[in-house]
Amino acid sequence: MSFTREAVEALSGLHGEPEWLRARRLESFALFERMALPDTKRDKDWRQVDLKGLNLDSFEAFQPPDGRPAMVPMPQMAGVLAQRGTAEGTAEIDPSLTARGVIFCPLGKAAREVPELVQSHLFSGVRPERDKLAALHGALFSGGTFLYVPDGLTIDRPLMSRFWSGGGGATTLPHTVVVAGKGSSFHYVEEFIGAPDDSPSLASGSAELFLNDGANLGYVALHRWSPQAWQFANQRILLLRDAHLRMVNVGLGGRLARIRMEAMLEGPGSSAELRGLFFGTEQQAFDFRTLQDHLAPNTTSDLLYKGALRDTAKSAYVGVVRVEKNARGTSANQANRNLLLSEKARATSEPILEIENNDIVRCSHGATVGPVDPEHMFYLESRGIPHSVAQRMLVEGFLAEITDRIPVAHIREVVEHELATRIG
Amino acid sequence: MADFEIRDLRVTVEGREILKGISLDVNKGEVHAVMGPNGSGKSTLSHTLMGHPNYTVTSGEVIFKGKNLLALPTEQRAKLGVFLALQYPVVVPGISMSNFLRTAINAKRGYDGKDKSKAISPKEFLALLKNEMSVLRMDDSFLSRYVNEGFSGGEKKRAEILQMAVLKPEIAILDETDSGLDIDSIKFVSNAVNRMRGPELGVLIITHYTRILQFIKPDRVHVLVDGQFVLSGGPEVADRLEAKGYSEWVGKKEPAVIQEAR
């Protein structure tokens, strides 16, 4: 079934969703039908994005359930959620956390059981009216995660969700809502996994994170969809007073992987450490859009996106730092560093500063695009380290600045392993 | 035939000739000093011997173990037993000193990631390093730090000598290892080098100043001016430079005196 009103209703029915959620899906679908694909020449949010070859009629709206994913025990996690394709996922969580009020479950289940909590947050950050692809996500999001951590609770072990996309032609659009109560502290990791396909699929994991006063959240999104997947992910984070976010986006999969991340520093004293890591091979293209929006006094953001590109892979980075009128005492840093590992790899980087309050601590940005530093290579080779080994060490070393910031050891190892296979 | 022979070496950098035909014989067991003023071609010589890509050899050979070193890529020169301690060791973020050293040692042992029996064991590695680091007065924290990142000038130079100590080259080129060092660091570095001296090691010390030669006594001293050797002799050549500097050659269009000091 391609993208039709009937498909939206069928998917909603499949997840047993309440009427209000079905209505929201249909509103989004109406937007989707009304809107044209983004104008990649004129729309500044989509400029230079190569949508050639994207044929929305070629995808199945969802897949009928074909069995539940095998739950892999992960004792290092406090909770694990697994979801295959568009079927509702399964979650397991440490019962002592449930007893203390933590909710960690498939989004559809949360919509049925705690509708007021979901209703007030869902799509209040990631807005379906933003563009046609956001509207599609609002209409056909395929389940996802709802995580609520009550005020004052610290969780020592991380929680993790894992999503597997269906095969070629499939649409897999998990959606995450995280609500971090006042003064809560925890780590949440999600992994998006696609099998290698020979035909295109549509797969994106979007996320809305709400950090209440003093909340402290570590968030890692590991995007490793199939190399044939079109990915249009939206992430929006709301930070209230003195909240702190430490976030790492890892982009490894996708034919076109677009990840738009917006950190809204709405509460005074809030701060965000924003990290991004990507590795492109063959004809992969990445498109990163970031926003560090300082809306309140004494807010801090520190963004660093680093990536390496092989073969004919491409990346585009467009990052906005916005210091709004109220945001005196802002400290903002933004940097994007790209390592080109072949003659034909390409990277562009565009920093944009929009400053409406000059009473700031600092606001800096930097961008680099280039090959491995020949002086570094000479140094390693002069110690007898073979060129190919030196190359691998230098690329790993370049990316280590980000991998070292992944707050969960198990995920850090997964990423390092994935990187090692790509470096070759 | 000497163990390490530089024959009529000519090198250009960005189209300009810097080394204008130099020849030098170094035997294992000997320490040679190459001294010269700024811009004489000292660093060009050291970098060319190690195969830095910015230097173009237009003629000449360097014969070591029956091979022309200049035809080999840098990593193979190192494997053959040539070592260069850099004047300005580069900072390599993201690679720890211990990873760097272990990989270099394993490369020398022929470990290519497959035959684990060739790799140095963690125990052996640590024992090797601890010993050399104590001679150089370096503390353990060096090993976990990224290569040269945040190192002071003296720490960087000591780290270079540490690498030399664990890689055990047969020909070591020390490029201005003394520059920017305080007297204590010079002593630690010199002690470490002197410990390594012996029939299996030839050393080429490249320096502007005579100071380090008070601690590492050279067998031969060669004066390099404007890309050519203008004087070669025993340790007394260093004394002459200490007294008179390079003034007798510098500023003249052609090096006036080319002589063998006795």
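Keep in mind that what you see is a predicted model, and the values were worked out from it rather than measured. No hydrogens, no waters, no symmetry mates; every other heavy atom, side chains included, goes into these values.
There is no side-chain donor-acceptor pair under 3.5 Å between Q235(A) and R260(A). Side-chain contact of T207(B) with D178(B): a donor-acceptor pair under 3.5 Å is present, judged by distance alone. At a cut-off of 3.5 Å, with distance as the only test, a side-chain donor of R158(B) or S185(B) sits close to an acceptor on the other residue. Using modelled atom types and a 3.5 Å distance limit, the side chains of S301(A) and Q292(A) yield a donor-acceptor pair.
Residue L399(A) does not touch chain B at all, counting heavy-atom pairs closer than 4.5 Å. For L84(B), the parts lying near chain A are the backbone and the side chain together; criterion is any non-hydrogen pair under 4.5 Å. Only the side chain of D404(A) comes within less than 4.5 Å of a heavy atom of chain B; its backbone N, CA, C and O stay farther away. For a residue to count as touching a neighbouring chain, one of its non-hydrogen atoms must lie under 4.5 Å from one of that chain's; by this rule F100(B) touches chain A with backbone and side chain alike. If you measure heavy-atom distances from V147(B) to chain A, the contacts under 4.5 Å come from the side chain alone.
Cation-pi geometry between R109(B) and Y111(B) is not met at under 6.0 angstrom from the ring centre and within 45 degrees of the axis. Judged by the 6.0 Å and 45° rule, R102(B) forms a cation-pi pair with F125(B).
Residues of residues 43-60 of chain B that come closer than 4.5 Å to chain A, counting heavy atoms only, are H47(B), M50(B), G51(B), H52(B), P53(B), N54(B), ordered by residue number.
Your options are L101(B), V82(B), V91(B), I105(B), and the one with the most heavy-atom pairs under 4.5 Å with chain A is V91(B). Highest contact tally toward chain A, considering only Q76(B), K108(B), R77(B), Q163(B), is held by Q163(B) [criterion: heavy-atom pairs under 4.5 Å]. If you tally non-hydrogen atom pairs under 4.5 Å between each of A107(B), S96(B), P73(B) and chain A, the highest count goes to A107(B).
Between K314(A) and D287(A) there is no salt bridge, since no side-chain N of the basic residue sits under 4.0 Å from a carboxylate O of the acidic one.
Note that the CD1 atom of I411(A) and the CD atom of E416(A) stand 11.5 Å from one another [nearest 0.5 Å].
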Determine, step by step, whether E155(B) and N148(B) satisfy the side-chain hydrogen bond (donor to acceptor under 3.5 Å, both in side chains) criterion, reporting the C-alpha distance in whole Å, the side-chain angles of both residues, the deciding distance to 0.1 Å, and the verdict.
-> CA-CA 8 Å; E155(B) 287 172 332; N148(B) 295 320; over 6 Å; no

